**Q** 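Handing you a structure now.
Below, each value reflects all heavy atoms present in this structure, side chains not excepted, and no hydrogens, waters or symmetry copies. Numbers here simply count residues along the sequence, with the first being 1. Here the structure is a predicted model, which is why all the values come from computation and not from measurement.
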Amino acid sequence: MESALDYYGARALLQWQIELGATESIGDEPVDRYALQATVPKAKADQAPAVVKAKEVDPVEQAQKAARAATGLPSLRAALEGFEHCALKKGARNLVFSDGQAVARVMIIGDAPGRDEDRAGIPFAGRAGGLLDKMLAAIDLERSKNVYLTSVLPWRPPLNQEVQAGDIAMMTPFLQRHVELAEPEILVLMGNTACQAVLGKRGISRLRGEWLQAWGKPVLPMVPPEKLLTQPQGKRAAWADLLSLKAKLGMLA
């Protein structure tokens with residue numbers, strides 16, 4: 001069947017389509033798009049394509065795996081250095097892992113690094129560390145000989161802000177593995193964060209001086225030295241706790 005359009009009519013229609021924006025021809029025969037829409041089957045609700053969600057990473061689970069894989073203190077430190085799920089790491093200057101003697105009978109656990117610890121890369125540095133050294137020396141303990149020190153968090157919270165529960169939960173598997181590898185006889189918990197991680201309790205003013213049990217070890221909560229710097233009236237109670245620690249060491253000898 002011949003087209004009803006003559007040459008000039010067809011050219012005019014083509015020119016009109018070009019003015020509308022048509023740039024190319026996609027077929028030799030015209031297609032009625034309105035008729036095609038009526039023939040396209042509609043997708044059923046129960047046939048909607050499933051949306052595959054990316055599996056969420058559980059940072060606590062990842063911490064547990066990394067901690068369990070550590071076979072010694074050097075590999076535990078390496079595991080912490082390679083752990084990328086804690087946001088505190090991004091704002092800290094140094095990893096604060098430990099100080100003192102790893103084979104010591106007493107392991108002291110602090111809360112989190114401050115500015116001095118972040119700069120030095122060791123726990124209990126600066127004025128607070130100096131006070132702690134004097135306190136320990138009074139009962140014949142010394143970090144270079146018979147005390148091992150660490151903290152719950154290995155990275156400094158920004159501006160020394162309050163430690164978050166999520167960060168404690170994330171770092172506790174590393175801390176527990178740290179205790180297992182260091183094998184101390186006694187744990188001294190200096191601060192609320194340390195008590196939360198090891199005992200699941202807070203309230204250092206209430207807990208201090210009371211011998212408890214956790215992770216198969218006798219545990220003594222104490223007020224941290226940085227708090228004693230601002231509240232010197234607490235030194236009397238701290239001295240009583242030190243004497244209690246000395247007595248416990250004598251009982252276990």
**Q** Search all heavy atoms of Gly110 against all heavy atoms of Ala194 and return the closest pair with its distance.
**A** O-CB, 4.0 Å
**Q** For Lys89, is there an ion pair with Glu84 - N to carboxylate O distance below 4.0 angstrom?
**A** yes
**Q** Between NE2 of His85 and CG of Asp167, what distance do you get to the nearest 0.5 Å?
**A**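 So the gap between those two atoms works out to 13.5 Å.
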**Q** Please check if Leu95 and Ile122 belong to a single hydrophobic cluster, counting links between Ile, Leu, Val, Met, Phe, Trp and Tyr side chain heavy atoms closer than 4.5 Å.
**A**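 In one cluster with Leu95: Ile122, no.
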**Q** Indicate yes or no for a side-chain donor-acceptor contact from Lys217 to the backbone of Pro184 under 3.5 Å, with no hydrogens or angles considered.
**A** yes
**Q** Using a 4.5 Å cut-off on heavy atoms from C-beta on, say whether the side chain of Pro113 contacts that of Leu153.
**A** yes
**Q** So how far is it from Lys248 NZ to Leu243 CG, rounded to the nearest 0.5 Å?
**A**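 CG of Leu243 is found 14.5 Å from NZ of Lys248.
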**Q** Short question: side chain of Ser75, backbone of Thr71 - any donor-acceptor pair under 3.5 Å?
**A** yes
**Q** Where is the tightest heavy-atom contact between Ala125 and Glu117, given as atom of each residue plus distance?
**A** N-OE2, 2.9 Å
**Q** Measuring only between side-chain heavy atoms, which start at C-beta, is Trp211 closer than 4.5 Å to Val219?
**A** no
**Q** Quick one: closest heavy-atom pair of Asp99 and Tyr148, and the distance?
**A** O-CD1, 3.4 Å
**Q** Begin from the C-alpha positions of Gln196 and Arg202 and carry the test side chain to side chain contact (heavy atoms under 4.5 Å, CB included) through to its verdict.
**A** CA-CA 6 Å; Gln196 177 68 40; Arg202 298 182 68 86; 3.0 Å; yes
**Q** Is there a donor-acceptor pair under 3.5 Å between the side chain of Asn94 and the backbone N or O of Asp118?
**A**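 It does hold such a pair.
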**Q** For the side chain of Gln101 and the backbone of Val147, is there at least one donor-acceptor N/O pair under 3.5 Å apart?
**A** no
**Q** So which heavy atom on Asp241 is nearest to which on Gly209, and how close?
**A** OD1-CA, 3.2 Å
**Q** Once rounded to the nearest 0.5 Å, what's the spacing between atom CG of Leu187 and atom CG of Leu212?
**A**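 These two atoms lie 11.0 Å from each other.
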**Q** Between Trp155 and Val96, does the side chain to side chain contact (heavy atoms under 4.5 Å, CB included) criterion hold? Intermediate values first, please.
**A** CA-CA 6 Å; Trp155 298 290; Val96 179; over 6 Å; no
**Q** Contact between Val106 and Asn146 at the side-chain level, heavy atoms closer than 4.5 Å - yes or no?
**A** no
**Q** Are Met171 and Val198 joined in one hydrophobic group, where the rule is that I, L, V, M, F, W and Y side chains link up if heavy atoms are under 4.5 Å apart?
**A**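 Shared cluster, yes.
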**Q** Name the residue from Val188, Leu149, Val179 that meets the side-chain contact (heavy atoms from CB on, under 4.5 Å) definition with Ile109.
**A** Val179
**Q** Applying the 4.5 Å side-chain criterion to the ILVMFWY set and letting contacts propagate, would Ile204 and Leu199 be lumped into a single cluster?
**A**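 In one cluster: no.
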**Q** Do Leu141 and Leu249 come within less than 4.5 Å of each other through their side chains, counting heavy atoms only?
**A** yes
**Q** What's the spacing between Arg77 CZ and Phe174 CZ if we round to 0.5 Å?
**A**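 Nearest 0.5 Å value for the CZ-CZ distance: 13.5 Å.
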**Q** Among the clusters formed by ILVMFWY side chains lying less than 4.5 Å apart, do Leu189 and Trp239 turn up in the same one?
**A** no
**Q** Is there a side-chain contact between Arg177 and Leu181, using heavy atoms and a 4.5 Å cut-off?
**A** yes
**Q** Start with the C-alpha gap between Met135 and Leu131, add the side-chain angles, then the distance that decides, and say whether side chain to side chain contact (heavy atoms under 4.5 Å, CB included) holds.
**A** CA-CA 6 Å; Met135 293 167 60; Leu131 176 58; 4.0 Å; yes
**Q** Has Gln164 got a side-chain atom pairing as donor or acceptor with Glu162's backbone, closer than 3.5 angstrom?
**A** yes
**Q** Which of parallel (below 30°), tilted (30 to 60°) and perpendicular (above 60°) describes Phe97 and His178?
**A**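 Plane angle under 30°, so parallel.
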**Q** State, with a plain yes or no, whether a side-chain heavy atom of Leu88 is found less than 4.5 Å away from one of Arg156.
**A**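 Contact flag for Leu88/Arg156 side chains = no.
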**Q** State, yes or no, whether a side-chain contact exists between Met222 and Arg208 at a heavy-atom distance under 4.5 Å.
**A**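 Side-chain contact under 4.5 Å: no.
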**Q** Do Leu252 and Val103 sit in one hydrophobic cluster, given that two such residues count as connected whenever their side-chain heavy atoms are within less than 4.5 Å of each other, even indirectly?
**A** no
**Q** Are any non-hydrogen side-chain atoms of Met170 and Phe83 less than 4.5 angstrom apart?
**A**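 Yes. Closest side-chain heavy atoms under 4.5 Å.
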**Q** Give me the atom names and distance for the closest heavy-atom approach of Ala182 to Met107.
**A** CB-SD, 4.2 Å
**Q** For the atom pair CG (Leu175) and OG1 (Thr193), what is the distance rounded to the nearest 0.5 Å?
**A** 11.0 Å
**Q** Hey, could you give me the NZ/CD distance between Lys235 and Gln231, rounded to the nearest 0.5 Å?
**A**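 Reported value, rounded in 0.5 Å steps: 12.0 Å.
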**Q** Test side chain to side chain contact (heavy atoms under 4.5 Å, CB included) on Ile108 and Leu136 and set out the steps.
**A** CA-CA 11 Å; Ile108 299 177; Leu136 295 174; 3.9 Å; yes
**Q** Where do Pro225 and Ala128 come nearest, in terms of heavy atoms and distance?
**A**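 Smallest interatomic distance, heavy atoms only, reads CB-O, 3.4 Å.
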